[in-house]
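Each ligand, and each atom within it, is numbered from 1 in the order the structure gives.
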Amino acid sequence: MVQYRAAIAAANPEAARAIADAIEAASGEDLAVSWFDDPDGWSVAAYWDGDRPDLAGAVLEIALAHGAEAEIGALPDIDWVVESLRSLPPVRAGRFLIHGSHDRARRRANDIAIEIEAAQAFGTGHHGTTAGCLEVLDRLGRARRYRAPLDLGTGSGVLAIAMAKAWGVPVLASDIDPVAVRIANQNARLNRVGGSVHAVTAAGFRHPLLREGRFDLVVANILAGPLASLATDLTARLLPGGTVVLSGLLPQQRRLIVARYRSRGLRLARSIIRNGWLTLVFNR
Ligand SMILES: C[S@@+](CC[C@H](N)C(=O)[O-])C[C@H]1O[C@@H](n2cnc3c(N)ncnc32)[C@H](O)[C@@H]1O
């Protein structure tokens, strides 16, 4: 699905915060908002999925009310991203090494190597959210053996493959995007865990395997909006003593997500920031 972004130039940090708060209050969980200081001054960015004139209108109105200008547009086509990713170097996160086929020779004896080519799905390990999740998974797996993990929003399948390789267990993976699901299953086969990773197309928990599943670990690297909306469904399918890893979050979205998952009976166990992206770990 095409993602849209509104970029709003703000006069100062107070204005940026006020605009971001107003957008969040008006549009709720359908979009993710952040405000930050970039080289051109203070900015607010709001992201949402699909062509939503209602959200675009609300954002424009709020910007106008604050005397700021908003620029709204679709984000570049995913193939553009692919092109820029082709020659990326391997990435280490915990014991995991994520590399392209051209870097097979760089694997070391104790690495858990995962081969992922830049393709039409997110997740080559280079992004702070993926790397943060991999680091957390490496740590979690040293302390405990998970038997029923779910990777929600699997993209390239990288996290599902990491769990299947590290722990030798079956992993259910899902994505709203059927292209990502095809690529995740292909990548699982390429990494010799095709028999362990099963990726299905599903929006949130709208698939029998997810709806009726019970998981001792759920990893979800998607944006704050969907993560907030999924809190009830997700926690309902978490086994007692289970763990939840959430990423795709900006530090300023921490409060919202922590409150949402705490109110569903989870306890925040850990929070890490990698390349400016926040990953949260909760226990039941
Ligand atoms: C940031 S990527 C994460 C990919 C991979 N798990 C990683 O960590 O690199 C987010 C993925 O979540 C998927 N996604 C977004 N919203 C979703 C939803 N409501 N249900 C399932 N998948 C979703 C997107 O299609 C995308 O492939």
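- In terms of N/O distances under 3.5 Å, ligand 1 is approached by G153.
- The two residues I161 and S156 make their nearest non-hydrogen contact at CD1-O, 4.4 Å.
- Put simply, CG on L246 and CG on L227 are 5.0 Å apart, with the number rounded to the nearest 0.5 Å.
- Atoms of ligand 1 lying under 4.0 Å from at least one heavy atom of T130, given by number and element, are 7 (C), 8 (O), 9 (O).
- Of the heavy atoms in N221, both backbone and side-chain atoms come closer than 4.0 Å to ligand 1.
- Using bins of under 30°, 30° to 60° and over 60° for the plane-to-plane angle, the ring pair Y146/W167 lands in the tilted bin.
- The 12-atom threshold is not exceeded at CG of N110, counting heavy atoms of other residues, nucleotides or ligands nearer than 6.0 Å.
- Atom CZ of R139 has 12 or fewer heavy atoms from other residues, nucleotides or ligands within 6.0 Å.
- For ligand 1, the atoms closer than 4.0 angstrom to any heavy atom of V158 are 7 (C), 9 (O).
- Taking each of V219, V245, I222 in turn, the one with a heavy atom nearest to atom 16 (N) of ligand 1 proves to be I222.
- Heavy atoms of D175 come nearer than 4.0 angstrom to ligand 1 in at least one pair.
- Here is the list of ligand 1 atoms found below 4.0 Å of a heavy atom in G204: 18 (C), 19 (N), 20 (N), 21 (C).
- Heavy-atom contacts of L159 reach the following atoms of ligand 1: 6 (N), 8 (O) (cutoff under 4.0 Å).
- Close approach to G155 involves these atoms of ligand 1, each under 4.0 Å from a residue heavy atom: 4 (C), 27 (O).
- The side-chain tip of R237 points at the ring of F205 from less than 6.0 angstrom away and within 45° of straight on.
- Atoms of ligand 1 lying under 4.0 Å from at least one heavy atom of T154, given by number and element, are 4 (C), 5 (C), 6 (N).
- Nearest heavy atoms, A63 versus I8: CB-CG2, 4.2 Å.
- Here the shortest heavy-atom distance to atom 21 (C) of ligand 1, taken over S174, G248, A202, A162, belongs to A202.
- Evaluated by nearest non-hydrogen atom to atom 23 (C) of ligand 1, the leading choice among L223, L134, I176 is I176.
- Atom CZ of R192 has 12 or fewer neighbouring heavy atoms from other residues, nucleotides or ligands inside a 6.0 Å radius.
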